[in-house]
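Reckoned from all heavy atoms, side chains included, excluding hydrogens, waters and symmetry mates. In what follows, chains carry the letters A, B, and so on, assigned in the order in which the sequence lines appear, proteins first and then strands, with residues in each chain numbered from 1.
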Amino acid sequence: MTIRTRFAPSPTGYMHIGGMRTALFNWLWARHNGGQFILRIDDTDQQRNVEEALQPILQAFRWLGLDWDEGPEVEGPHGPYFQSQRGDLYRAAAEELIAANRAYFDYDTPEQIQADRTEAEKEKRQYLNIRRSLELTDDEKRQLEANGRQPVLRFLVQRDEKIAIDDDVRGHVEWDCGLISDPVICRADGSPLYNFATVVDDAQMEITHVIRAEEHLTNTAVQALIFQALGYELPTFAHIPFVAAPGTKEKLSKRDKKIEKYRKMPQFKKMFDAADRVFPRIGLGSSETLNPVMVEYYEQIGYLPEGIFNALSRLGWSYDDKTEIMSREFVVENFTLDRVVKSPAGLDPDKLDSYQQHWMNELSIEEKTNGCIPFLERANLKADGLHPVGSPEARDGIARLITALGERLTIFSDILDYDEYFVPDDELQFDEKAFNKRLRKDETAAKLLRKFRTQLETVEPFDAATTDACLHTFCEAEGIKMGQIIHALRVATTGKPKGPGMFDCLELLGRERCLNRIDRALAAVK
RNA sequence: GGCCCCAUCGUCUAGUCAGGCCUAGGACAUCGGACUUUCGCUCCGACAACGGGGGUUCGAAUCCCCCUGGGGUCACCA
């Protein structure tokens with residue numbers, strides 16, 4: 001039997017990171033078994049701009065490298081893949097249920113239902129819908145319809161039964177049908193509701209494994225009942241834990257109110273801060289428009305799909321007791337449902353960064369350069385303050401900077417922290433605290449720097465090794481330690497108290513810019 | 001509140017199904033230390049968990065029961 005899994009997003013305009021993890025597990029299970037992964041669009045609810053709202057979702061799949069065998073754009077033998085276009089299938093299934101007396105038209109108004117519910121609540125008893133419409137004669141129904149009453153279609157739950165599933169993650173789970181209200185399966189206009197459409201679709205698309213988040217576990221009772229009533233074989237269910245907000249066991253939510261809360265949580269804060277730092281500079285709004293609950297956040301701020309893939313794979317799943325770093329191929333090869341964890345897994349930004357760091361460091365200088373350039377371009381920076389960063393002349397300098405940066409880049413947008421290499425000398429900002437400490441208050445250092453400046457004027461060639469040797473000789477001649485001047489030199493040339501190796505910095509900047517900057521710094525000391 | 005699910009370091013997890021190999025392993029974070037002109041990297045070290053109570057057993061993180069706690073869900077949303 002070919003394994004077939006699916007993910008069924010509704011077109012909301014963005015991809016939720018928790019949803020992405022669910023999609024990933026579905027994709028992994030299909031790929032691990034040489035099966036198929038299907039994308040189906042649950043657009044029964046909204047009608048406008050489906051295409052527009054869908055694109056970011058498809059983009060997230062493409063970016064992470066989760067390809068789909070059937071679905072939008074690729075189509076396939078079980079289409080259409082938009083629920084809004086599958087009305088005939090639902091209608092036929094509904095008629096089948098009606099004919100078999102497993103579904104009935106309910107003429108109660110929403111107000112009536114609400115009243116029933118309130119009353120049950122008042123009497124502290126579990127609400128179960130009252131099947132008044134079952135008592136209606138055909139004449140009465142006609143009468144109601146003539147008065148404009150539009151019935152909904154309800155599935156008739158056999159209340160004396162039990163329903164059970166054997167979940168691949170949870171094990172045996174059982175419900176008492178006597179506690180389950182008859183679910184509405186079609187609205188008055190005939191449009192299907194989720195619990196019904198999903199069953200019809202999963203059956204028709206021959207889905208073998210329904211892998212979804214735990215929050216759907218309760219729905220499964222009703223869905224299993226409908227599968228049975230329609231004579232379909234039950235797929236295998238696997239309810240994986242949902243992705244929780246950092247440091248909590250609560251489902252990671254997309255709601256604005258929660259987002260505001262996340263923004264202040266210590267574990268999450270740095271991701272929001274990064275968004276506020278980076279996105280405005282590259283014309284993408286701020287954390288208000290793009291936040292770490294969305295997959296797009298990670299793409300736009302410069303994470304690697306490999307890093308996110310690795311992190312998401314380890315969220316609720318493990319290979320063994322020590323393997324952390326895993327390639328796509330490794331996970332596909334080894335992913336099994338029996339190693340899925342049962343309890344909710346909190347997204348951990350720190351750990352995510354550690355995976356990211358690993359995969360970033362696997363990249364060649366060329367690949368890193370390619371990843372960084374778009375950020376420099378969008379931030380409108382000029383290489384050596386002159387050439388557009390996209391130009392071939394600029395590329396070599398950027399590549400040399402990235403080489404000097406070594407393992408200091410975690411995400412591509414980190415390159416923006418080194419904008420001192422891209423601004424004109426007269427626009428260089430000196431870190432005030434460092435400037436005070438290393439130049440203003442340290443008069444000896446400033447004096448030494450003035451003296452060393454003349455050496456830099458003539459040292460030849462102006463590269464890291466030679467300037468390094470030059471400073472050593474200088475220190476020896478002056479009878480000082482490197483530490484007495486080098487900090488002042490660093491702050492004067494780069495504006496910052498930290499960064500790559502000092503002499504790499506000098507070489508990167510070149511003689512002219514170094515001298516300009518030293519002059520400017522020394523002038524500012526007075 | 002009803003129903004359902006879950007419960008090991010701060011976090012992600014290994015170990016639970018087949019009880020002893022667990023004085024509970026790894027990773028991230030944190031804190032020390034080494035290296036370095038700074039930052040980072042790297043290396044070394046430290047801290048740190050079986051929610052509680054009863055059983056069963058020679059022996060329980062592992063099996064059983066109860067309690068507690070957390071979460072999910074109860075729509076003419078998905």
Q: So that I can tick it off, tell me whether A/R408 and A/D417 are bridged by a salt bridge, with the cut-off set at under 4.0 angstrom between side-chain N and carboxylate O.
A: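 No salt bridge links A/D417 with A/R408.
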Q: Return the value, rounded to whole Å, for the distance between atom CG of A/L315 and atom P of B/A14.
A: 12 Å
Q: Counting heavy atoms from C-beta on, name the nucleotide in B/C6, B/U37, B/A78 closest to the side chain of A/R490.
A: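 Looking only at side-chain atoms, A/R490 lies closest to B/U37.
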Q: So, A/N334 side chain and A/F330 main chain: donor-acceptor pair closer than 3.5 Å or not?
A: yes
Q: Tell me what A/G346 touches on the nucleic acid: a base, only sugar-phosphate, or nothing, going by heavy atoms under 4.0 Å.
A: sugar-phosphate
Q: Any side-chain N or O of A/R438 below 4.0 angstrom from OP1/OP2 of B/U38?
A: no
Q: Taking CH2 from A/W175 and C1' from B/G2, how many angstroms apart are they, rounded to a whole number?
A: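 Computing the A/W175:CH2 to B/G2:C1' distance gives 15 Å.
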Q: Test of understanding: with ring pair (Phe, Tyr, Trp, His ring centres under 6.0 Å), list the residues that count as partners of A/W68, not counting sequence neighbours.
A: none
Q: Can you name the closest pair of heavy atoms from A/L54 and A/P11 and give their distance?
A: N-CB, 4.2 Å
Q: Who does B/A34 pair with, Watson-Crick or G-U, both distances under 3.5 Å?
A: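 Across any shown strand, B/A34 pairs with B/U42.
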Q: For A/F335 together with A/F25, are the ring centres under 6.0 Å from each other?
A: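 Judged by ring-centre distance (under 6.0 Å), A/F25 and A/F335 do meet the cut-off.
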Q: In plain terms, say whether A/R154 and A/D108 are close enough for a salt bridge, that is, a side-chain N and a carboxylate O under 4.0 Å apart.
A: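 No, this pair does not count.
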Q: Starting at atom CZ of A/R21, determine the distance to atom P of B/C12, rounded to an integer number of angstrom.
A: 12 Å
Q: State the pairing partner of B/G2; accept Watson-Crick or G-U wobble contacts with both distances under 3.5 Å, and report none otherwise.
A: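 B/U73 - that is the nucleotide pairing with B/G2, both distances being under 3.5 Å.
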Q: Tell me what A/R117 touches on the nucleic acid: a base, only sugar-phosphate, or nothing, going by heavy atoms under 4.0 Å.
A: sugar-phosphate
Q: Which protein N or O atoms sit under 3.5 Å from an N or O of nucleotides 24-30 of chain B?
A:
residue	atom	partner	partner atom	Å
B/G25	N2	A/D321	O	2.8
B/G26	N2	A/E324	OE2	2.9
B/A27	O2'	A/K351	NZ	3.4
B/A27	N3	A/K351	NZ	2.8
B/C28	O2'	A/K351	N	3.3

Q: State whether A/S318 places a side-chain N or O below 4.0 Å from either non-bridging phosphate oxygen (OP1 or OP2) of B/A14.
A: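 For A/S318, the contact criterion (side-chain N or O under 4.0 Å from OP1 or OP2 of B/A14) is met.
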Q: Would you call A/K351 and A/E324 a salt bridge, using N to O less than 4.0 angstrom?
A: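 Looking at A/E324 together with A/K351, the answer is yes, because their closest N to O distance falls below 4.0 Å.
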Q: What is the distance, rounded to the nearest whole Å, between atom CE of A/M502 and atom P of B/G40?
A: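 Interatomic distance, CE of A/M502 to P of B/G40: 17 Å.
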Q: Listed in order of residue number, which residues of residues 401-415 of chain A have a non-hydrogen atom at under 4.0 Å from RNA chain B?
A: A/E407, A/R408
Q: For each nucleotide in nucleotides 63-71 of chain B, reading 5' to 3', give B when a protein heavy atom comes within less than 4.0 Å of its base, S when such contact involves only the sugar-phosphate, and - otherwise.
A: -------SS
Q: Scan A/R339 against the nucleic acid and name what it touches under 4.0 Å (heavy atoms): base, sugar-phosphate only, or nothing.
A: sugar-phosphate
Q: Which residues in residues 163-174 of chain A have a heavy atom closer than 4.0 Å to any atom of RNA chain B?
A: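 The stretch gives A/R170, A/V173, A/E174 as the residues lying under 4.0 Å from the strand, ordered by number.
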Q: Pick base, sugar-phosphate or nothing for A/H216, based on heavy-atom distances below 4.0 Å to the nucleic acid.
A: base
Q: Look at the side chain of A/H487 and decide which nucleotide, out of B/A7, B/C5, B/U37, has an atom nearest to it.
A: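 Side chain of A/H487 sits closest to B/U37.
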Q: Please classify the nucleic acid contact of A/P183 as base, sugar-phosphate, or nothing, using heavy-atom distances under 4.0 Å.
A: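 It contacts nothing in the nucleic acid.
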Q: Where do A/P72 and A/L39 come nearest, in terms of heavy atoms and distance?
A: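 Residues A/P72 and A/L39, closest heavy atoms: CD-O, 3.5 Å.
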Q: Does A/R159 pair with A/D182 as a salt bridge, N-O distance under 4.0 Å?
A: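 Yes, this pair counts.
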Q: In Å and rounded to the nearest 0.5 Å, what is the OG to CD distance from A/S181 to A/Q126?
A: 7.5 Å
Q: Select one nucleotide: of B/C76, B/U38, B/C4, the one nearest the side-chain heavy atoms of A/K498.
A: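 Among the listed nucleotides, the one closest to the side chain of A/K498 is B/U38.
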Q: If I compare all heavy atoms of A/T494 with all of A/L428, which pair ends up nearest, and what's the gap?
A: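 Smallest heavy-atom distance, with atoms named: O-CD1, 3.7 Å.
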Q: Using the C1' atom in both, what is the distance from B/A24 to B/A49, to the nearest Å?
A: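 That atom pair is separated by 9 Å.
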Q: Quick check: closest heavy atoms across A/S133 and A/Y107, and the distance to 0.1 Å?
A: OG-N, 2.7 Å
Q: Counting any heavy atom closer than 4.0 Å, what does A/V184 reach on the DNA or RNA strands: base, sugar-phosphate only, or nothing?
A: sugar-phosphate
Q: Take the protein atom NZ of A/K342 and the nucleotide atom C1' of B/U62, then report the distance between them rounded to whole Å.
A: 13 Å
Q: Could you tell me whether A/D108 contacts a base, only the sugar-phosphate backbone, or nothing, with contacts defined as non-hydrogen atoms closer than 4.0 Å?
A: base
Q: In chain order, what residues pass the salt bridge (Lys or Arg N to Asp or Glu O under 4.0 Å) check against A/K269, with sequence neighbours excluded?
A: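 Expected list: A/D273.
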Q: Any idea which heavy atoms bring A/L312 and A/M20 closest together, and the distance?
A: CD2-CG, 4.1 Å
Q: With no hydrogens and no angle check, just 3.5 Å: does a side-chain donor-acceptor pair link A/N195 and A/Q223?
A: yes
Q: Taking atom NZ as the centre, does A/K141 end up with more than 12 heavy-atom neighbours from other residues, nucleotides or ligands that are less than 6.0 angstrom away?
A: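 Atom NZ in A/K141 is packed in, count exceeds 12.
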Q: Nearest-Å distance, CG (A/N219) to C1' (B/C3)?
A: 13 Å
Q: If you only use heavy atoms from C-beta on, which nucleotide in B/C76, B/U13, B/A78 is closest to the side chain of A/P110?
A: B/C76
Q: How many Å lie between CD1 on A/I180 and P on B/A75, as a whole number?
A: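 In whole Å, B/A75 P and A/I180 CD1 are 13 Å from each other.
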Q: Given atom CD1 of A/I486 and atom P of B/U38, what is their separation to the nearest angstrom?
A: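 In whole Å, B/U38 P and A/I486 CD1 are 9 Å from each other.
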